[in-house]
Amino acid sequence: MSLAHIPGYPRIGAHRELKFALESFWRGDSNEQQLQELAASLRLRHWQSQADAGLDLVTVGDFAYYDHVLQTLALLGAIPERFGFDPASLNLQQYSELARGNNQQFAMEMTKWFDTNYHYLVPEWSQHTRFDGGTDWLFDEVSQAQAAGFQPKIVLLGPLSLLALGKVKSGLSHALELLPPLLSAYQGILQRLQQQGVTWVQIDEPVLSLDLDAAYLAQFLPCYQALSLHAPKILLASYFGDVSQHLDLLQSLPVAGVHLDLVRGAHLTTDVLANWPAPQVLSLGVVDGRNIWRTDLRRALHKLQPVHAALGERCWISSSCSLLHVPVDLDSETRLDSELKNWLAFANQKITEIQTLRLALDQGEAAVAAQLAASDQAVQSRQNSKRIHNPLVQKRLQAIAAKDTQRHSGFSERIRAQQEKWQLPLFPTTTIGSFPQTPAIRQTRAAYKRAEISHLDYLEKMRAEISLVVSKQEELGLDVLVHGEPERNDMVEYFGEQLWGYGFTDFGWVQSYGSRCVKPPFIYGDVYRPEAMTVSWSAYAQSLTDKPMKGMLTGPVTMLQWSFVRDDQPREVTARQIALALRDEVCDLEQAGIGMIQIDEPAFREGLPLRQQDWAHYLDWAVQAFQLCAAGVRDTTQIHTHMCYSEFNDILPWIAAMDADVITIETSRSDMELLDGFSSFSYPNDIGPGVYDIHSPRVPKPEEIARLLGKARSVIPDARLWVNPDCGLKTRQWQETELALANMVAAARQLRLLAEQDQQASATVDAVAQPV
Ligand code: GLN
Ligand code: ZN
């Protein structure tokens with residue numbers, strides 16, 4: 001018999017129970033014991049779902065009160081020393097403070113978990129880091145599962161991934177210096193699990209899907225030799241990438257099994273899999289753990305059958321990665337259109353698919369004939385549905401020509417024309433788009449959505465808000481205005497709801513970090529814009545002022561990156577479809593008299609593949625998609641873009657290739673670190689490095705802003721430099737927003753005076769230097 005399991009299950013709960021319990025605990029409305037009880041009941045439910053579906057092992061250790069990396073640190077006792085907590089007696093209050101900060105200490109840094117939208121807390125390594133043992137939570141969870149009659153497989157984040165995902169803070173020249181004590185700690189944990197009667201431990205080493213440095217690779221063999229000595233059986237799990245270059249290494253490790261992601265590693269041949277050397281078990285991750293599409297069971301089966309025939313019991317069936325990245329249960333979606341629903345599978349449906357595949361392998365296809373037939377039917381329906389293929393879109397895609405991705409003139413000519421038209425001062429001031437979203441605005445939107453207020457009432461309230469935002473910006477003296485985005489709940493959902501090809505769920509929540517969840521839409525069909533999406537709002541806003549009003553759109557990569565995407569065509573094709581829809585919107589805005597249009601791409605960097613060898617291809621199509629949106633306008637129309645919260649220095653040439661007339665970019669939190677990149681690469685177009693962090697209510701003083709701008713001036717020519725906050729202001733209160741923007745405008749004005757003086761001074765120098 002082959003065996004069915006999953007690398008992990010979503011921890012947040014089908015109705016976000018963990019989120020609400022955490023937030024109640026943080027508010028002080030509930031105590032530690034109540035939070036623990038809720039957690040225990042969720043775990044029990046999740047194990048029960050796995051057992052009910054027929055999985056042989058339930059996964060224990062995938063639960064976390066905030067994040068599984070932090071949970072691992074708590075288990076090891078390796079929490080940052082700066083907090084002064086005793087690792088052996090760490091409680092949930094302290095655990096939360098590690099994640100969220102307290103009065104004395106900043107929170108631990110958070111960053112994206114590989115190329116997913118999940119964020120983990122970054123371990124802090126130093127010469128003081130100890131692995132002397134921490135909480136007993138994991139061992140208690142094992143006992144809980146056993147007491148409830150489940151057969152647990154424990155999941156642990158592997159030591160090499162843990163070290164590689166952390167940051168060396170001090171006193172070490174390399175994180176690997178911590179490996180010896182870390183390994184003893186893992187040995188201790190494994191022994192304890194063995195004493196508890198655990199037979200299988202899954203150890204995750206997702207770093208194998210990165211460009212891993214040789215020093216780490218060299219440690220795999222000795223490390224797993226040490227771990228497998230006195231331990232339960234180890235299943236080494238890799239996921240998120242194709243690990244074909246590490247196959248020899250994986251097969252040489254003294255572990256009882258290896259898990260492979262066969263969605264990302266789809267081209268691993270049957271030959272390689274069927275010849276997997278004994279005695280290792282091979283766990284085949286064929287069900288997509290990161291997307292919400294129903295598996296084509298017939299196709300998966302055909303892939304598995306020869307491998308199963310060769311490996312027999314050594315062939316395990318699984319999802320590609322933990323199901324953490326998909327919502328819990330499609331059955332909750334009672335309002336979803338039945339045709340669309342039939343194409344989808346969330347975590348609970350995916351575990352059933354895994355079980356079906358296992359049964360088909362063990363007992364023959366006849367044993368699951370009904371499930372296979374239903375899967376075939378769904379596959380066919382999805383292939384043939386009119387909702388997937390739109391001939392109009394196909395035709396336009398085919399007609400895209402090189403000229404469609406190029407502005408009429410080069411930047412220097414365009415900017416001259418734009419400057420002539422707008423007559424903006426030096427260091428123009430602007431904002432990124434959204435203004436504070438007050439409870440009143442949210443209530444109005446919600447009431448309109450529930451059809452409790454009429455369309456005209458809604459328009460009136462929103463227009464009143466826009467008019468308020470416009471007049472405040474005029475009072476503040478900003479140079480380029482925005483309408484404030486009151487009509488938008490979310491920058492992706494707002495557009496998705498107006499585009500054909502996008503679907504939405506009611507409960508499709510996925511954990512982003514801690515208690516924060518997102519509900520990504522899904523793109524199922526050719527994306528098509530039936531009518532203008534933003535024009536009436538922007539045109540109204542422009543009618544209120546003589547200052548330029550920026551139109552505001554979400555770019556194609558961000559639309560893609562923050563949605564579940566089609567798996568029946570390459571991402572780049574979907575990106576081009578979205579780009580065509582946005583191109584029409586850009587042209588319509590121009591037609592309506594909007595002369596500046598910002599196309600936000602905050603997720604541009606996020607889309608980068610894990611391996612550098614794949615970067616060029618991604619960057620090429622991503623840049624092209626942006627150009628396709630932007631290039632249909634006249635020279636005098638100024639295209640802006642905005643990016644935030646990632647490292648940009650390594651992709652500056654591509655950002656430049658997007659050829660936006662102006663880019664506003666986050667950089668204040670890193671004290672303009674971004675600008676380092678500009679010493680080696682001079683960005684050719686206009687740029688507004690964010691001068692204050694909008695994630696804090698703190699009002700920056702004019703001097704601070706002026707200091708940052710001074711730094712910026714050292715690498716960006718005055719004529720190219722804009723002044724703006726880091727990102728949109730929607731999470732801020734009005735009071736701090738007005739104060740901060742007033743200071744920003746003051747700093748820009750101060751700078752203009754300075755620049756004038758500089759100019760006069762250099763004119764004098766020139767005059768003096770003239771030979772008589
Ligand atoms: N225009 C958006 C806003 O201002 C941009 C948000 C973002 O970059 N995430 O809210
Ligand atoms: Zn932003």
Side-chain angles (χ1 to χ4, degrees), residues 5 7-8 69 72 113-116 155-166 174-176 179 182-183 186 200-228 231 233-290 303-304 307 310-311 314-322 608-615 617-618:
H5 78 116
V69 177
T72 311
W113 177 244
F114 297 84
D115 57 350
T116 72
V155 53
L156 286 174
L157 180 57
L160 292 166
S161 291
L162 185 73
L163 285 181
L165 292 172
H174 200 291
L176 280 172
L179 188 58
L182 180 61
L183 280 185
Y186 270 83
W200 278 98
V201 176
Q202 168 191 322
I203 304 190
D204 289 357
E205 291 288 10
V207 287
L208 285 167
S209 60
L210 304 178
D211 291 315
L212 196 53
D213 109 44
Y216 276 98
L217 278 176
Q219 288 304 328
F220 267 83
L221 187 58
C223 174
Y224 280 88
Q225 271 165 346
L227 292 188
S228 54
K233 292 182 190 167
I234 294 174
L235 177 73
L236 184 91
S238 77
Y239 43 80
F240 296 156
D242 159 24
V243 290
S244 25
Q245 78 271 44
H246 301 314
L247 289 183
D248 287 344
L249 171 68
L250 288 170
Q251 294 175 348
S252 72
L253 297 179
V255 293
V258 168
H259 170 86
L260 297 179
D261 179 337
L262 291 190
V263 176
R264 287 282 174 94
H267 60 275
L268 280 172
T269 62
T270 307
D271 204 39
V272 166
L273 303 175
N275 286 302
W276 200 266
Q280 280 184 353
V281 154
L282 185 58
S283 164
L284 303 166
V286 283
V287 168
D288 194 345
R290 297 183 51 165
K303 175 147 194 139
L304 293 170
V307 185
L311 302 186
R314 291 197 292 125
C315 169
W316 288 15
I317 314 303
S318 187
S319 55
S320 58
C321 59
S322 168
L608 264 192
L610 292 176
R611 286 235 162 87
Q612 212 147 358
Q613 63 185 41
D614 303 322
W615 282 18
H617 175 68
Y618 162 76

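These figures come from a predicted structure and were not determined experimentally.
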Distance-only, no hydrogens or angles: does the S318 side chain make a donor-acceptor pair with backbone N or O of H5 under 3.5 Å?
-> yes
Just how far is it from atom CG of L183 to atom CD of Q225, taken to the nearest 0.5 Å?
-> 11.5 Å
Any side-chain heavy atom of H174 within less than 4.5 Å of one from D213?
-> yes
What one should report as the nearest heavy-atom pair of P279 and R314 is O-CD, 3.6 Å
Distance-minimising heavy-atom pair for P206 and L157 = CD-CD1, 4.1 Å
What are the two closest heavy atoms between Y618 and P609, and how far apart are they?
-> CB-CD, 3.6 Å
Looking at side-chain heavy atoms only, is the closest gap between T72 and L156 below 4.5 Å?
-> no
Between W316 and W200, how do the two ring planes meet: parallel, tilted or perpendicular, split at 30° and 60°?
-> perpendicular
Hey, could you give me the OG/CG distance between S319 and L262, rounded to the nearest 0.5 Å?
-> 11.0 Å
Min side-chain heavy-atom separation L610-F240 under 4.5 Å | yes
Sub-3.5 Å donor-acceptor pair from the side chain of H259 to the main-chain atoms of C321, do we have one?
-> no
Using 4.0 Å as the upper bound for N to carboxylate O, is an ion pair formed by D115 and R264?
-> yes
Short side-chain to backbone donor-acceptor contact, S322 and P7, under 3.5 Å = no
With a 4.5 Å limit on heavy-atom distance, are the side chains of L162 and Y186 in contact?
-> yes
Answer yes or no: is there a side-chain heavy-atom contact under 4.5 Å between Y216 and L179?
-> no
Taking the six-membered ring of Y239 as reference, does the NZ or CZ atom of R290 fall below 6.0 Å from its centre and within a 45° cone about the axis?
-> no
Count the heavy atoms belonging to other residues, nucleotides or ligands that lie under 6.0 Å from NZ of K233, then report whether that count exceeds 12.
-> no
Minimum heavy-atom separation for S238 to L208, with atom names?
-> CB-CD1, 4.1 Å
Can you name the nearest heavy-atom pair linking F220 to L212, along with the distance?
-> CE1-CD2, 3.9 Å
Between atom CG of L260 and atom CH2 of W276, what is the distance when rounded to the nearest 0.5 Å?
-> 5.0 Å
CG of L250 to OH of Y224: how many Å apart, nearest 0.5 Å?
-> 10.0 Å
Check for a donor-acceptor pair, side chain of Q280 on one end and backbone N or O of L253 on the other, with a separation under 3.5 Å.
-> yes
Which residue pairs satisfy the salt bridge (charged side-chain N to carboxylate O under 4.0 Å, His left out) criterion with at least one member in residues 238-254, sequence neighbours excluded?
-> none
Could you pull out the closest heavy-atom pair between L311 and L273, with the gap in Å?
-> CD1-O, 3.7 Å
For residues P254 and L227, determine if any side-chain heavy atom of one lies less than 4.5 Å from a side-chain heavy atom of the other.
-> no
First locate atom CG of L210, then atom CD of Q612, and finally report the distance between them rounded to the nearest 0.5 Å.
-> 11.5 Å
Atom SG in C223, atom CG in L160: separation rounded to 0.5 Å?
-> 4.0 Å
Would you sort out whether V287 and V263 count as a side-chain contact (heavy atoms from CB on, under 4.5 Å), showing the intermediate values?
-> CA-CA 7 Å; V287 168; V263 176; over 6 Å; no
Side-chain donor-acceptor pair present, E205, S161, cut-off under 3.5 Å | yes
